[in-house]
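The structure presented is a predicted model; accordingly, all values stated were derived computationally and were not measured. One-based numbering, in listed order, for ligands and for the atoms of each. We use all heavy atoms of the structure for the numbers below, so side chains are in, but hydrogens, waters and symmetry mates are not.
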Amino acid sequence: MSFASECKRELLKIENRKPCCIRAEHYGLLLFSRCFSPLEAQTVCENGAVARRLAQAAAVSGGVYAEVRTRLGRRSDSSYTITVPGEDARRAMLGAFGHDEMETVLRLRRENLRNECCPASFLRGVFLICGTVTDPNKGYRLEFTTPHGALAEDLAALLTSLPALSVSPSVAKRGSGSVVYLKESAAVEDLLTYIGAVNAAMTAMQIKMYKETYNNLNRVSNFETANLDKTYSASSKQLAAIARIYDTVGIGALPEDLRETAALRLENPEMSLREMSERLSISRSGVNHRIRRILEFAGNLPETGEKP
Ligand SMILES: [Zn+2]
């Protein structure tokens, strides 16, 4: 089951107790469905429970009968088509929420969200019918889709105006319709929590924390690997130089301090400068200086590997 479906399943379990909130949720479901129109129109929905909830909204708060038909897909995926038959019925449904059949542009009527408690229920209805959310393992995005541009703007304005939420949604055109979307993880979590998908919001937070920890660990280990590689490639250059000295003039040609350093390096190719400085009881810059002299010494040797 997708993360969005999990969210919806959680939201469908919530039972509104207050009449004002029941109506607000029903308004959200209907307004953002495609059947909230005086014209004959249908809403196609993949989630059977949401389809039933929409029909329930039409009956309880719109006072009309909505027909739900199942369309069986080729595999096990069926979808549901919801229509409100009869022009009079559709007019009555619009009227129940203060809308007029003559309206040319569909807008959000805030008077249907009577009390402070209502916007959460309204948004739950909106999310159920036209919302989706990306799996937090893949990214952070929650969006609502509607064919009505002005309605999208109204929804964005409502989201921005709610004191309980601090989100700044964006509105974009998509095809012939509009999308209202949030893309910051905190905003997505806040909205899910606000509309009642508390478990889904927790899951999203946990996944984000896990990803952050994992990324940090990865950064640290990349850093360490990079440093090891640096030590190792520096060390292999030194080993090559020491080998060259052995093969040409012999290690005895080096002064005592450099001989000691070369021997230590030869025995411990992966030893860090710090460890070498401890073993030789000199400073790190001292070790560095000796190594530089060894490299210089080897660099001045003749190209052919014959001892003079
Ligand atoms: Zn309420």
Side-chain angles (χ1 to χ4, degrees), residues 4 6-37 43 45 47 49-66 82 84 90 92-100 103 106-133 142-146 148 150-169 180 182 186-202:
E6 295 266 6
C7 278
K8 292 193 180 182
R9 194 160 72 162
E10 189 181 357
L11 293 175
L12 283 161
K13 281 188 200 148
I14 299 171
E15 275 186 49
N16 289 312
R17 297 194 180 269
K18 293 186 185 172
C20 62
C21 291
I22 293 175
R23 216 178 108 82
E25 186 189 300
H26 288 169
Y27 183 51
L29 277 159
L30 288 167
L31 185 64
F32 283 81
S33 76
R34 291 178 187 244
C35 10
F36 200 74
S37 162
T43 294
C45 180
N47 187 321
V50 174
R52 285 189 293 277
R53 184 68 71 106
L54 179 62
Q56 197 182 22
V60 173
S61 298
V64 297
Y65 162 73
I82 305 102
V84 177
R90 292 192 291 269
M93 172 180 67
L94 295 180
F97 294 97
H99 285 266
D100 190 323
E103 281 173 359
L106 193 59
R107 305 295 301 254
L108 165 60
R109 291 191 168 273
R110 293 253 193 143
E111 62 267 31
N112 288 310
L113 315 178
R114 252 177 283 158
N115 305 316
E116 247 175 70
C117 50
C118 299
S121 302
F122 171 76
L123 291 171
R124 189 182 312 133
V126 178
F127 182 81
L128 283 172
I129 197 66
C130 76
T132 188
V133 58
L142 186 150
E143 64 177 44
F144 303 96
T145 323
T146 170
H148 308 285
L151 197 54
E153 296 291 346
D154 290 347
L155 177 62
L158 173 71
L159 288 168
T160 312
S161 72
L162 294 171
L165 278 178
S166 61
V167 297
S168 25
V180 179
L182 301 172
V188 172
E189 289 156 14
D190 278 1
L191 184 67
L192 288 177
T193 307
Y194 182 68
I195 63 178
V198 182
N199 291 328
M202 288 286 280

Student: Return yes when atom CZ of R109 has more than 12 non-hydrogen atoms of other residues, nucleotides or ligands closer than 6.0 Å, and no otherwise.
Tutor: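 Atom CZ in R109 is packed in, count exceeds 12.
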Student: For a 4.5 angstrom cut-off between non-hydrogen side-chain atoms, does L151 reach L108?
Tutor: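 Answer yes - side chains close enough.
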Student: Between A152 and V180, what is the shortest heavy-atom contact and its length?
Tutor: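 Result for this residue pair: O-CG2, 3.3 Å.
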Student: Output, in order, the C-alpha distance, side-chain angles, deciding distance and verdict of side-chain contact (heavy atoms from CB on, under 4.5 Å) for L123 and L155.
Tutor: CA-CA 9 Å; L123 291 171; L155 177 62; 3.6 Å; yes
Student: For side-chain contact (heavy atoms from CB on, under 4.5 Å), just list the numbers for L29 and Q56, CA-CA rounded to whole Å, side-chain angles, deciding distance to a tenth of an Å, and then say yes or no.
Tutor: CA-CA 10 Å; L29 277 159; Q56 197 182 22; over 6 Å; no
Student: Less than 4.5 Å apart, any side-chain heavy atom of L54 and any of V50?
Tutor: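 Side-chain contact under 4.5 Å: no.
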Student: Return all protein N, O or S atoms below 2.8 Å from the Zn ion (ligand 1), chain by chain in residue order.
Tutor: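 Protein N/O/S atoms under 2.8 Å of the Zn ion (ligand 1): C20 SG, C21 SG, C117 SG, C118 SG.
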